[in-house]
Amino acid sequence: MSATSPDGKPIDPKDNLRRMAAGELYYAFTPDLIAARKRVEVAYKRFNKADGATRRELAEMWNDITQDETPLPPKAATEEEDEERLQDLAWVDQPIGKIDYGYNIKLGKNVFINSNSVWIDTCTITIGDRVMMGPNVSFYSGTHPVDYRVRNGTRGPESGGPITVEEDCWIGGNVTILAGVTIGRGSVIGAASVVTKDIPPESVAVGSPARVIKKVDTSQPPQYQ
């Protein structure tokens, strides 16, 4: 498919990517972006099928999905020691439901992503350290024009906005987080919520759309019993 602008001119690939990263209107059905989506589909489906893979093998496959070239720590003598060495790496459960590009996903340390996560990573999706997520959490950093004349099926433009989940958040199962949203540090999002606007730090938010119902009480020492 060869996408063209409304005036019939060819799409400049470099400018199109710049507009996509900036959250501006861009065209998703250009040859380079179609190829990028096909590449990551192969990568995450390989990850999904990796039954019995070691922690290191899964980490290597995740880095391939996200095109992260950061080298892993040197391999330890035993698998148990190696898992200890890799413990700060994000833990992503199989299967992954869907990823659009992969290279716009940035995970912090000691993160847990439960199964069937969906990543429409038109713009950057940043997950802070120690974030925990239930199953079926979806990140939609892409969006479409409301005006159908502009939307124009696969021939029209779309846009997006970055998503940021700051450190120490807990995202319940079946939560959907939309483009442009920031969830503040230490917040909790109740199961099945749809997050359409920013959530302040240390807040508990639930519902569709998600609304803050209370604050996380940090006035006392942590209670472990």
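Residues: numbered from 1 along the sequence shown.
- For the pairing with Phe139, the side chain to side chain contact (heavy atoms under 4.5 Å, CB included) check across Val181, Val195, Ile127 returns one residue only, Ile127.
- The closest side-chain heavy-atom distance from Leu33 to Asn16 is below 4.5 Å.
- Remark: the backbone N or O of Thr122 is paired with a side-chain donor or acceptor of Ser141 at under 3.5 angstrom.
- Geometrically, Arg39 does not engage Tyr101 in a cation-pi contact, judged by NZ or CZ lying under 6.0 Å from the ring centre and within 45° of the ring axis.
- When the shell of 6.0 Å around NZ of Lys197 is examined, it contains 12 or fewer heavy atoms from other residues, nucleotides or ligands.
- A salt bridge is absent between Asp12 and Lys14; no separation between the charged side-chain nitrogens and carboxylate oxygens falls under 4.0 Å.
- Between the Arg55 side chain and the Leu89 main chain, a donor and an acceptor come within less than 3.5 Å of each other.
- Here the side chains of Val212 and Val206 are not in contact, with every heavy-atom distance at 4.5 Å or above.
- Hydrophobic clustering (ILVMFWY, side-chain heavy atoms < 4.5 Å, transitive): Trp170 and Val216 are in one cluster.
- The closest side-chain heavy-atom distance from Trp119 to Asp100 is not below 4.5 Å.
- At least one side-chain heavy atom of Ile96 sits less than 4.5 Å from a side-chain heavy atom of Trp62.
- Between Asp15 and Arg18 a salt bridge is recorded (basic side-chain N to carboxylate O distance below 4.0 Å).
- Ion pairing between Glu24 and Arg19 holds under the 4.0 Å rule for side-chain N and carboxylate O.
- In summary, Arg37 and Glu41 do not engage in a salt bridge, as defined by a charged side-chain N under 4.0 Å from a carboxylate O.
- Residue Lys109 qualifies as open at atom NZ: its count of foreign heavy atoms under 6.0 Å is 12 or below.
- Judged by distance alone, the side chains of Thr126 and Lys106 never bring a donor and an acceptor atom under 3.5 Å apart.
- In this structure the side chain of Ile171 reaches within 4.5 angstrom of the side chain of Val137, judged on heavy atoms.
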